[in-house]
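Worksheet for the structure shown next.
Computed over heavy atoms, backbone and side chain alike; hydrogens, waters and symmetry mates excluded. Start at 1 and go down the list; that is how both ligands and their atoms are numbered. Just so you know, residue 1 is the first one in the sequence shown, and it goes up from there.
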Amino acid sequence: MKGDFAMCGIVGYIGEENATPFLLDGLSRLEYRGYDSAGIAVYDGQKIVVEKTAGRLEALKQKLEHNPPAGHAGVGHTRWATHGRPSDRNSHPHSSCDGKFIVVHNGIIENYLELKEALLSEGYTFTSETDTEVVAQLMQKHYTGDLLGTVRKVLAIIEGSYSLVFMSAYQPDRLICTKKDNPLVIGLGERANYIASDIPAIIAKTRRTYILSDGETAIVTKDSVRIENSKGEPIDKKEFVVTWNAQAAEKGGYEHFMIKEIYDQPKAVRDTLSGRIGKDGHSVVFEELSWTAREMEKIRKIFIVACGTAYHAGMVGKHYIEQLTRVPVETDIASEFRYRAPIVGSDCLLIVVSQSGETSDTLAALKEAKRLGAQTLAITNVVDSSIAREAGKALYTYAGPEIAVASTKAYTTQIMVLLLLAVYMAQLSGSTQERRLKEIVAEIKCMPERIHKLLEDVDPIKVFAQQYAASEDVFFIGRLLDYAVALEGSLKLKEISYIHAEAYAAGELKHGTLALIVAGTPVIALATQEEVYEKTLSNIKEVKARDALVIGIAMENDANIEKYVDHAVYIPHTDKYLAPVLAVIPLQLLAYYAALSRGCNVDMPRNLAKSVTVE
Ligand code: AGP
């Protein structure tokens with residue numbers, strides 16, 4: 001069986017207070033990363049006490065209720081198993097045979113099996129199937145009295161991707177942490193310092209952080225943080241001050257993160273647009289890009305590569321870039337891209353889209369495209385994320401932390417950046433469509449308000465969601481940009497309500513799927529794209545002729561659609577290019593309220609995790 005590795009949440013504390021409360025609170029703020037077991041390890045003054053269990057964090061809290069470990073240094077971990085069942089013994093933290101070394105880990109040690117066999121032959125015993133335990137044993141094997149030196153020695157032996165935090169009873173006044181391809185953040189406190197996989201775990205304690213880069217190692221004590229590069233040379237790390245307030249990472253009064261983030265969209269789009277439209281009011285400016293017209297001319301082909309919702313945003317971006325710049329664009333699902341021998345060269349631009357900036361499939365595709373010589377650009381929501389750092393350039397969405405597993409505000413802000421980028425590229429290459437570009441930019445500026453207006457009245461959607469929540473199958477249809485949005489609507493409904501849904505190019509129905517349409521089958525038809533409106537109407541008639549139940553999504557000035565559908569949901573009138581940003585919102589809400597009606601765990605749907613850092 002392939003190594004039992006996990007994608008998880010990590011926390012660490014070293015300071016003058018008791019570590020345990022921070023460890024448990026920090027882990028609970030990382031719940032969205034998906035987990036099925038949890039554990040903590042605390043140095044109690046004599047030894048390291050490890051407490052861990054399968055199940056939700058609650059199970060661990062109950063286990064600790066009467067006799068929680070106490071001490072000034074500790075680490076915690078929540079695990080989302082991808083290989084091997086969740087179990088107590090596979091939970092982290094993992095310790096060496098002699099109990100003197102503790103490790104928590106996110107990622108995979110590729111060569112753990114051969115290392116484990118060698119350790120077994122030398123008499124080491126193991127209690128778990130995980131790759132992480134091998135790291136703890138290696139610490140014991142190679143310890144020479146210098147903890148940092150031992151960590152470096154072990155890092156030279158292991159191969160793979162990881163964020164690791166080490167603790168030792170030999171030197172309990174420090175934690176050592178390092179990362180490669182997985183995130184790790186250090187929080188700078190008063191008489192204490194913090195470590196975490198993600199900012200929400202520490203935001204209640206401090207906003208001053210160091211975001212570790214690949215190969216960097218941090219030696220963290222209660223009153224110092226020293227960061228070294230892979231050669232052991234000290235680094236003068238730039239502090240990253242988190243501007244999100246504590247509420248931003250909490251639910252802010254909403255019942256779920258997902259509905260909060262749906263309603264965050266006016267602000268998320270506004271923040272993403274800020275500073276990106278020039279003083280003249282119509283030119284797009286990206287301070288992160290310093291492309292010249294000459295460099296633009298050299299780009300013969302563009303790839304947009306991503307996963308899930310980000311891929312659907314990429315499909316929208318393809319239309320924008322092709323129609324405004326006439327440069328051919330291929331969209332690829334990241335896990336397919338690098339295995340299909342893509343035809344990529346130095347005249348290509350690869351754009352990766354990723355909310356988390358940590359998706360392994362997308363990171364791997366990015367590295368492959370770089371290897372093939374392409375220029376690369378990341379569109380991501382997380383500053384200094386692995387993907388942001390790996391790409392040649394990064395354009396950020398400023399959606400703020402997206403905690404719900406189902407991506408909403410990340411999608412709409414990704415689309416905004418892709419449209420800004422298309423306009424920027426068109427303006428740079430001296431496009432003759434100057435008036436058209438000005439029209440688009442004028443409408444881009446109105447989007448926060450249009451989204452806000454759309455969100456003022458969601459009751460009809462709530463009613464439809466409750467009506468259709470018991471459906472077995474739902475179909476989403478549309479053409480061109482509406483088809484790209486239909487795909488996203490279908491994913492939203494599937495992943496949080498568990499209703500089977502499929503999206504189809506509306507013109508494709510008659511080539512097979514129409515056989516599935518029977519009386520009462522719910523069909524969501526998007527009809528916002530003027531140039532194919534009549535064609536879409538005829539597809540609506542096709543399904544109505546089979547007595548489907550049709551919800552039409554159209555622009556508010558459309559006086560025609562309601563003659564053909566059972567229910568019409570209107571979005572504010574906007575430019576056809578901006579329609580996806582608005583049309584997706586009723587679909588997000590439909591999924592949310594359908595999931596509520598079905599009693600699903602909206603923010604943490606079964607089997608899924610927020611950031612998929614495994615392949
Ligand atoms: C979206 O609702 C899903 N949670 C999932 O498809 C997600 O979009 C995908 O895993 C990509 O994540 P990323 O944007 O962080 O790379």
For atom 10 (O) of ligand 1, what's the nearest protein heavy atom and its distance? V612 CG2, 4.0 Å

Side chain or backbone of E358 under 4.0 Å from ligand 1, or both, or neither, by non-hydrogen atoms? neither

Close approach of A406 to ligand 1, heavy atoms, under 4.0 angstrom: yes

Stepwise side chain to side chain donor-acceptor pair (under 3.5 Å) check, K180 with S163: CA-CA 6 Å; K180 178 172 172 293; S163 35; over 6 Å; no

Hey, which atoms in ligand 1 end up nearer than 4.0 Å to a heavy atom of Q355? 13 (P), 14 (O), 15 (O), 16 (O)

Interfacing atoms of ligand 1 (cut-off 4.0 Å, heavy-atom, A310): 8 (O), 14 (O)

Kindly write out the residues that satisfy side-chain hydrogen bond (donor to acceptor under 3.5 Å, both in side chains) with T178, not counting sequence neighbours, or none if the list is empty. T217

Atom pair NZ/OH of K462 and Y593 - distance to nearest 0.5 Å: 4.0 Å

What ring-ring contact (aromatic ring centres under 6.0 Å, His included) pairs are there with at least one residue in residues 451-470, not counting sequence neighbours? F464-H567

Can a side-chain donor-acceptor contact be found between Q588 and Q265 if the only test is distance below 3.5 angstrom? yes

Contacting atoms of ligand 1, where contact means under 4.0 angstrom from a heavy atom of S407: 1 (C), 2 (O)

Would you mind finding which of L363, T359, T380 brings a heavy atom closest to atom 12 (O) of ligand 1? T359

Distance from atom 7 (C) of ligand 1 to nearest protein heavy atom, with residue and atom: T309 N, 4.1 Å

In the protein, which heavy atom is nearest to atom 3 (C) of ligand 1, and how far is it? E495 OE1, 3.4 Å

Going by heavy atoms in the side chains, are L324 and Y577 under 4.5 Å from each other? yes

Would you check the N or O atoms of V405, main chain and side chain alike, for any that come under 3.5 Å of an N or O of ligand 1? yes

Heavy atoms only: which of C307, S356, A306 is nearest to atom 15 (O) of ligand 1? S356

Could you check whether any heavy atom of K492 sits closer than 4.0 Å to an atom of ligand 1, since that is the contact criterion I want to use? yes

How close do V353 and T362 get, heavy atom to heavy atom, and via which atoms? O-CG2, 4.1 Å

Return the residue, atom name and 0.1 Å-rounded distance of the protein heavy atom closest to atom 6 (O) of ligand 1. G308 CA, 3.2 Å

Is the NZ or CZ atom of R606 positioned over Y498's six-membered ring, under 6.0 angstrom from the centre and within 45° of the axis? yes

Looking only at distances, can you tell me whether any N or O atom of K610, backbone or side chain, sits closer than 3.5 Å to an N or O atom of ligand 1? no

Return the orientation label for the F303 and F337 ring planes: parallel under 30°, perpendicular over 60°, tilted otherwise. perpendicular

